[in-house]
Amino acid sequence: MSQEMFCFQCEQTAGCSGCTKKTGVCGKSADTAKLQDEITGALIGLAKSLGEKHASKEQIRLMVEGLFSTLTNVNFDNDDLNRQLSKIRGVKALLADAAPDYSMELLWNAQEDIRSLKSLILFGLRGVAAYAYHATVLGYEDDTVNQFFFEAMRLLSKDGGMNDFLPTVLKVGEVNLKCMELLDRANTQTYGIPSPVTVPLKVEKGPFIVISGHDLRDLKLLLEQTEGRGIQIYTHGEMLPAHAYPELKKYSHLKGNFGTAWQNQQKEFADLPAPILFTTNCLMPPKSSYQDRVFTTEVVAYPGMVHIGEDKDFTPVIEKALELGGYREHQNFTGINGGTQVTTGFGHHTILSVADQVADAVKSGALKHIFLVGGCDGARAGRNYYTEFVQKTPADTAVLTLACGKYRFNDLSLGTIGSLPRLMDMGQCNDAYGAIRVASALAEVFQCGVNELPLTLVLSWYEQKAVCILLTLLHLGIRNIYLGPSLPAFVSPNVLNFLVENYQLTPISTPEEDLKKILSPQA
């Protein structure tokens, strides 16, 4: 392609077709996009060079970190990306049958349907890599997951028809389910079983640190290093569910949650008298008004920002918090709907502990329908659909939610059905595994298939972790999923038709029309 860059892996991609100019909508430069393509091509070359041989620990680490680094809003640092590229090429060169790097131009210029299927595989793998990475730092790995990265990446270098790639698209979903289960086990065995908790949106006076991202281990280490220092810790974005874990909420200086979803950070951080620590995506290019207060760690990086290395010494972050001093008086913030607190912690253990109550409520007619409204948030117009959808759900229905899309409505008060709140936050994006567990358990109770339950998934997508979760749902045969706010640019008309015909995947329309369709007796 003759454009300065080409990237269409996220929902906000320019013109709903692809970013092609000097800078992508996410903020990465054409040079960064090129480096990420080169890393991907080198990883495909590494997988091809390895052939059917078992990947070593070093090769697995390079594969997982490389895929994670190329996920949207993670790594903008060209120096760091160049270091990764050199390591991958160096390890590949040691192999007896070292293959050249794969040219991503071959993928981006492939026949439309083949490009679509290969993109689904690649972008899905990037999402799986993020979850695998979080599990690995806690000491949990699965060899089936690790070796599949190489198998699937090797396939991307091959020619073929739609039937040659479609099975692997669904296999990505199957492997992601195993990976999400692994991460669920890693988190709960390390930090305990989450339980429901109410989290204030108020920030107390005095020094504080805001921690964003998904990595619970980084939060635990930060809590340990700030204990007794007079510094309060506030979660941001996908870190909110951390308040529900016993081994994290036992720290009295884990105070509350600051801000809303990731795409609002440039506005919400502008005048913040505190440092922000990014542990993973979603990092936006920091504005000059607060860039001196941004710190990164793990695979997330941005040029000019202080990066906390493998030693996990958060001293620079702590010193910046003490220097800035925080607010002089308590500050009362709200969610986007004016609420002053949010709840979280309704993981699958909690919901399954009252599965009999849920089943009784359905059988008695007190609970007519369950909606899972979740996924990624984003800046594109039309995402108020999800706020309005939840607001318009009838009083005899329940709403499960997860991931950062919940910030559109998680400060709403929807009341209760019996002893259960109508709105229940199940956690981070990876906690889609918990939603699957709940659905499977209810299907067993009612002795029916998941698709026969009074359950509808209404999903919002933004980046590649949402892609791998969707592929998991398709692998499980779950149908009638509503997806928005727009369909992925990398899904060709023929591939979309396949998904619509075989899984009844439905683009969202309006909250009123979709609710009427879902709740009608013929639905």
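The structure presented is a predicted model; accordingly, all values stated were derived computationally and were not measured. The first residue in the sequence is number 1, and the count goes up from there.
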How long is the straight-line distance from [atom2] of [Y] back to [atom1] of [X], given to the nearest 0.5 Å?
X	Y	atom1	atom2	answer
Q189	D184	CD	CG	9.0 Å
T72	L283	OG1	CG	12.0 Å
C10	W461	SG	CH2	6.5 Å
T260	D377	OG1	CG	8.0 Å
F68	T136	CZ	OG1	11.0 Å

[X] side-chain N/O to [Y] backbone N/O, donor-acceptor pair under 3.5 Å:
X	Y	answer
N337	L412	no
H243	K249	no
H307	E298	yes

Quick one, E452 with R479, criterion salt bridge (Lys or Arg N to Asp or Glu O under 4.0 Å). Give me CA distance, side-chain angles, the key distance, then yes/no. CA-CA 10 Å; E452 299 171 86; R479 290 170 168 76; over 6 Å; no
L277 vs V210, test: side chain to side chain contact (heavy atoms under 4.5 Å, CB included). Steps then yes/no. CA-CA 6 Å; L277 174 63; V210 173; over 6 Å; no
T279 vs D218, side chain to side chain donor-acceptor pair (under 3.5 Å): CA-CA, chis, key distance, verdict: CA-CA 7 Å; T279 64; D218 285 327; 4.5 Å; no
Suppose we call two aromatic rings close when their centres sit under 6.0 Å apart. Are [X] and [Y] close by that rule?
X	Y	result
F258	F333	yes
F208	Y327	yes
Y407	W262	no
F123	F490	yes
F371	F389	yes

Look at [X] together with [Y] and state whether they make a salt bridge at an N to O cut-off of under 4.0 Å.
X	Y	result
E181	R185	yes
E11	R380	yes
E388	R408	no
E238	K465	no
E224	K220	yes

ring-ring contact (aromatic ring centres under 6.0 Å, His included) contacts touching residues 433-454 (sequence neighbours left out): H348-Y433
Please report the C-alpha distance between F346 and L400 in whole Å, then the side-chain angles of each, then the deciding distance to 0.1 Å, and finally whether the side chain to side chain contact (heavy atoms under 4.5 Å, CB included) criterion is met. CA-CA 9 Å; F346 290 91; L400 303 179; over 6 Å; no
If you apply the rule side chain to side chain donor-acceptor pair (under 3.5 Å), what do you find for E227 with Y251, and how did you get there? CA-CA 8 Å; E227 193 169 23; Y251 291 90; 5.0 Å; no
Full working for side chain to side chain donor-acceptor pair (under 3.5 Å) between Q331 and K205: CA-CA 7 Å; Q331 300 292 312; K205 65 180 181 181; over 6 Å; no
